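Down below is the structure, laid out as structure tokens.
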Amino acid sequence: MIEIIISGEGNSDVGKKDYLTNQFIPGPITILTDKIIRFFDKDDVNYQFKSRLELKRYPMTLKGKKKRFKNAATGKGHSDLAYKLGCLAKENKAHVAVLMRDARKNQFLSVYNEIKSGFIAATFENGVPAVPVPESEAWLVCCLEPKESGQIENCKTDMKKLLENKLIKRRLPHTNDRWRDIADNCMIELIEAPSFKQYKNDLEQKMNYPAASGRGIKR
Amino acid sequence: MITKFHIDNFKSLVNFSMPCHALTCLIGMNNTGKSTILQAIDFVGCIASGNVSQWLKDRAWKIKEIKSQFKRQYKITFKLHFILQDNNYVWEGTLKLHSLNCDTERIVQIGSEEDILLEVAKGSYTFSSGLKKSIDFNYEGSILASLKEQVLNDELRDIKKFLQSVKTLELLDPLLLRKRARTTEEDIGIEGEKLSAFLYNLPQKKQKAIYQHIHHLFEHFENYHIKAKRSGWKELWIIEKVSGVPGTFFPFLNTEAKHISDGFLRMLAIFSQLQTNYAVLLFDEIEDGLNHEVMEYLLDVMLKSPQQIYFTTHSPMILNFLEDEVAQNSVILVYKDYKAGGQTKTVRFFDIPQIKDKLEYMGPGEIFANVNLKQLP
């Protein structure tokens, strides 16, 4: 069983926890992640979801003598969250940790490197940044229009509106369930968006890398 | 420096042993025995000084109250391993609680062979020279406290001085720190009540060191001043440098100790004790009233101090200001073993397997803050 610990920005990307049943309801990014993992012939996967609030609560970080390398280029605290997710991944014996953050107006590399530095600070080697450019909806647009995916990151249109328009054209509802369906039916091997390809490559590399917990992942 | 402390039959400490370091930091849940450990070390220091009854009187305790409830025997045994001038020694003894003196006692130098420097047994004491004398006088605590300096050799004199130089600040009371004092003793008193007189009597060099520490933390701190009254009372005043006060050119603000904050006075008391000749200092809940910037600096000063320092704390911040290497040795978790009748036990915090691994990526205080002590031993 491959344990993946995953955290994102909100309900519409990685997913959410149903607090009545305590069940994780995966969002489109988790579904895409699962598709990538299955693409590499790994099918026994379990996802542990950590909300942003959970990451803020634990572990508590304090000022002190231990100076962790901190990359705070964007000032959004991505490295802190990655550090906390990395700590949780170690403690929960997860094989891979995924932190999803939209690149938005920031350069992809700033967010990507910030998240990486957080995982390094937690000494967790199997941390993977998922950084859609400019935001997670862009990857769903790619799923709908794989042929246009190579140019999506240069598109100036708001991705939420673009996705909505594409769904309206197809006479499909603009709902979270629909987004999950789009992710579920995505032909990931056709997507050319550089940020998605980077995520796919990173995941592949980490899935084949012996886990920090020492358990390793059987190929 | 004390390297290992053992005591039996003192409050919740039964057959209790603890490793000691230049800095020993005791952590643990409330009511596990952290302060009891400081009291026990101080108590053994008082045995060396021969002040057992005064020690009890200062605390308004009775002897039967410090005896453990777990044992019937009316004696407290102790063993102290210590290093003095690069030599290893052991001082061990048994304090009879009826007579408040040690009926058996040994000071041994541990080298390639054991050299018994002083032994008390069966009503007589023997020196390493073989000189044996019967005890035909009353004494309290250790016989060392009652033997005249001239009968002791240099080595025993140094040992006596070391064992008697334990100072506890577990009872520091900000209310009493503010008090005027009359005494000329070189001690701030058990509750800090003689702080002003103590500061007054400090040599200039030591006063300057205290000033430098506080000025480093508070740039507007100009100095402290002790006003000596004709009647002998000493009053503590704090002087701060100010500017921009309308209508005045006087750039200083003078405040009498009774209007100074608890934390500032505690800090002054602590820095003053770091200037003393006490070999061992004991602080209970050291973080009380201190801001984290002060804590960090204070810890750095303590780590450079030639004195051996023990403190209890509930503050993760304090621990986070320790380097990993220091924390690994110095942080001791105190807990009560309820399966063994509720006796106080200790373990090095960072020797606990699930704790040790976290030091790789978390600070010592962060681990302390993120762990549930109730789930540890």
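First the proteins, then the strands, lettered A, B, ... as listed; each starts at 1. This is a predicted model, so every value here is computed, not measured.
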Study note, to complete from the structure: Taking every heavy atom of B:Y361 against every heavy atom of A:A122, the minimum-distance pair comes out as CB-O, 3.5 Å
Check your understanding: NZ of A:K16: more than 12 outside heavy atoms within 6.0 angstrom?
Key -> no
Exercise for review: Kindly compute the distance separating NZ (B:K358) from OG1 (A:T123), expressed to the nearest 0.5 Å.
Suggested key: 12.0 Å
Study note, to complete from the structure: Filtered by a 4.5 Å non-hydrogen cutoff, the part of residues 303-317 of chain B contacting chain A is B:P316, B:M317
Throw together a table of side-chain donor-acceptor distances under 3.5 angstrom for residues 23-33 of chain A, partners on residues two or more places apart or in other chains.
| unit_1 | atom_1 | unit_2 | atom_2 | d |
| --- | --- | --- | --- | --- |
| A:T30 | OG1 | A:V14 | O | 2.4 |
| A:T33 | OG1 | A:I29 | O | 2.6 |
| A:T33 | OG1 | A:Y199 | OH | 2.7 |

Practice item. Evaluate whether atom CD of B:E219 has more than 12 neighbouring non-hydrogen atoms of other residues, nucleotides or ligands under 6.0 angstrom away. Key: no
Point to revise | Heavy-atom pair of closest approach, residues B:E366 and A:Y83 | key: OE1-OH, 4.0 Å
Exercise for review: For atom NZ of B:K339, decide whether the heavy atoms of other residues, nucleotides or ligands shown that lie under 6.0 angstrom number more than 12.
Suggested key: no
Check your understanding: Around atom CG of B:N372, are there more than 12 heavy atoms of other residues, nucleotides or ligands at under 6.0 Å?
Key -> yes
Check your understanding: Using non-hydrogen atoms and a limit below 4.5 Å, what part of residues 49-63 of chain A faces chain B?
Key -> A:Y58, A:P59, A:M60, A:T61, A:L62, A:K63
Review point. How far does NZ of A:K65 sit from CG of B:L319, to the nearest 0.5 angstrom?
Key: 12.5 Å
Check your understanding: Using non-hydrogen atoms only, which part of B:L322 is less than 4.5 Å away from chain A: side chain, backbone, both, or neither?
Key -> backbone
Point to revise | Pair listing, side-chain hydrogen bond (donor to acceptor under 3.5 Å, both in side chains) test, anchored in residues 129-141 of chain A, at least two apart | key: A:E135-A:K160, A:W139-A:S195
Point to revise | Expected output: side-chain A:K66 to main-chain B:M362 donor-acceptor under 3.5 Å | key: yes
